[in-house]
Amino acid sequence: TVHSHDYKDHLGFENKRVVVIGIGNSGGDIAVELSRHAKQVYLSTRRGTWILNRVSDHGLPIDIVGNRRSNMAIFDYLPFALKTSLVQNQLNKRFDHALYGLQPEHHVFGQHPMVNDDMPNRIITGALTIKPNIKRFTKT
């Protein structure tokens, strides 16, 4: 076992089956990197997460677009439920979170989302598999 704090690179994981437990940004980044080298990578999550791209519409960084004064001024006047619905619908247009086992029960503003551009592609290609709430390991 390796904690994300001690993880350095993919060396030693080539052609192995790997389980990454936890879907925070570190776990997500490690799972995506290992999915390029390991035989199979499984990512375990208890609650799922919302995945944001680093790059938004028109190729601009997501934090620049989201924090523009004009966007913030308009967004501030919208009811919270409408804001939540708009953002979640936008995120699901790119990647249907429920279809791939990542739809969390909390709304998009309820917890820190994961920021990862590659994860949806790695899941769709089968290199990364989402496994809900692993309770135990068995020998195979």
Side-chain angles (χ1 to χ4, degrees):
T1 60
V2 176
H3 190 274
S4 63
H5 177 75
D6 299 315
Y7 176 83
K8 301 297 180 214
D9 58 35
H10 69 275
L11 297 176
F13 293 97
E14 298 92 340
N15 297 315
K16 292 186 178 181
R17 291 178 12 177
V18 178
V19 176
V20 176
I21 298 176
I23 197 161
N25 282 314
S26 297
D29 288 344
I30 290 168
V32 166
E33 180 175 324
L34 289 176
S35 72
R36 293 185 181 98
H37 304 281
K39 182 177 182 179
Q40 179 65 53
V41 176
Y42 301 94
L43 180 57
S44 175
T45 174
R46 278 183 282 164
R47 290 174 278 215
T49 191
W50 291 101
I51 300 176
L52 277 65
N53 271 12
R54 286 179 179 90
V55 179
S56 72
D57 297 339
H58 310 292
L60 298 171
I62 190 79
D63 54 340
I64 301 275
V65 171
N67 291 323
R68 284 186 176 166
R69 284 186 205 164
S70 60
N71 289 353
M72 296 301 284
I74 294 167
F75 214 62
D76 283 345
Y77 289 102
L78 297 176
F80 185 76
L82 181 58
K83 290 183 218 183
T84 300
S85 179
L86 288 170
V87 173
Q88 288 179 188
N89 287 339
Q90 185 66 29
L91 293 176
N92 278 320
K93 279 183 186 176
R94 177 177 175 268
F95 176 71
D96 186 340
H97 290 69
L99 183 62
Y100 294 100
L102 289 170
Q103 179 78 45
E105 291 184 17
H106 62 273
H107 59 78
V108 70
F109 302 117
Q111 274 188 335
H112 190 281
M114 177 188 290
V115 179
N116 195 301
D117 292 320
D118 296 332
M119 183 173 287
N121 297 330
R122 304 309 296 165
I123 293 170
I124 289 167
T125 62
L128 177 59
T129 301
I130 303 300
K131 288 289 188 183
N133 206 15
I134 293 176
K135 292 182 175 99
R136 68 182 179 277
F137 293 99
T138 58
K139 289 189 176 189
T140 57

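Heavy-atom basis, side chains included; hydrogens, waters and symmetry copies ignored. Nothing here was measured: the structure is a model prediction, and the numbers come from that model. Along the sequence shown, residues are numbered consecutively beginning with 1.
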Q. Is there any side chain to side chain donor-acceptor pair (under 3.5 Å) pair reaching into residues 120-131, and which pairs are they, with sequence neighbours excluded?
A. Ser35-Arg122, Gln40-Thr129
Check: [Y] main-chain N/O paired with [X] side-chain donor or acceptor under 3.5 Å:
X	Y	value
Asp29	Asn116	no
Asn25	Val115	yes
Gln90	Gln88	no

**Q.** Mutual orientation of the aromatic rings belonging to Tyr7 and Phe13 [parallel < 30°, tilted 30-60°, perpendicular > 60°]
**A.**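 Tilted, since the angle between the ring planes falls between 30° and 60°.
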Q. Do the ring planes of Phe80 and Phe109 sit parallel (below 30°), tilted (30 to 60°) or perpendicular (above 60°)?
A. tilted
Q. Do you know the tightest heavy-atom contact between Ala31 and Leu128?
A.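 In this case the closest contact between Ala31 and Leu128 is CB-CD1, 3.9 Å.
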Q. What are the two closest heavy atoms between Gly48 and Ile23, and how far apart are they?
A. O-CG2, 4.1 Å
Would you give the length of the straight line joining atom [atom1] of [X] to atom [atom2] of [Y], rounded to the nearest 0.5 angstrom?
X	Y	atom1	atom2	answer
Ile130	Leu102	CD1	CG	4.5 Å
Thr49	His97	OG1	NE2	7.0 Å
Tyr42	Ile134	OH	CD1	9.5 Å

Could you see if [X] belongs to whatever hydrophobic cluster contains [Y]? Use Ile, Leu, Val, Met, Phe, Trp, Tyr and a side-chain cutoff under 4.5 Å.
X	Y	result
Ile51	Val55	no
Met114	Leu91	no
Ile21	Val18	no
Val41	Ile124	yes

Q: Show the numbers, then the answer: is there a side chain to side chain contact (heavy atoms under 4.5 Å, CB included) between His10 and Arg36?
A: CA-CA 9 Å; His10 69 275; Arg36 293 185 181 98; over 6 Å; no
Q. Ala98: what forms a side chain to side chain contact (heavy atoms under 4.5 Å, CB included) with it, not counting sequence neighbours?
A. Asp96, Gln103
Q: Name all residues meeting the side chain to side chain contact (heavy atoms under 4.5 Å, CB included) criterion together with Asp9; count only those two or more places apart in sequence or in a different chain, and write none if there are none.
A: Leu11, Glu33
Q: Can you spot which of Val20, Val32, Leu34 makes a side chain to side chain contact (heavy atoms under 4.5 Å, CB included) with Leu43?
A: Val20
Q: Please report the C-alpha distance between His106 and Trp50 in whole Å, then the side-chain angles of each, then the deciding distance to 0.1 Å, and finally whether the side chain to side chain contact (heavy atoms under 4.5 Å, CB included) criterion is met.
A: CA-CA 9 Å; His106 62 273; Trp50 291 101; 4.0 Å; yes
Q: Count the heavy atoms of every other residue, nucleotide or ligand shown that sit under 6.0 Å from CZ of Arg94, and state whether that count exceeds 12.
A: yes
Q.
Let's go through Val2 and Ile30 carefully: what are the C-alpha distance in whole Å and the side-chain angles of both, what is the deciding distance for side chain to side chain contact (heavy atoms under 4.5 Å, CB included) to 0.1 Å, and is it a yes or a no?
A. CA-CA 11 Å; Val2 176; Ile30 290 168; over 6 Å; no
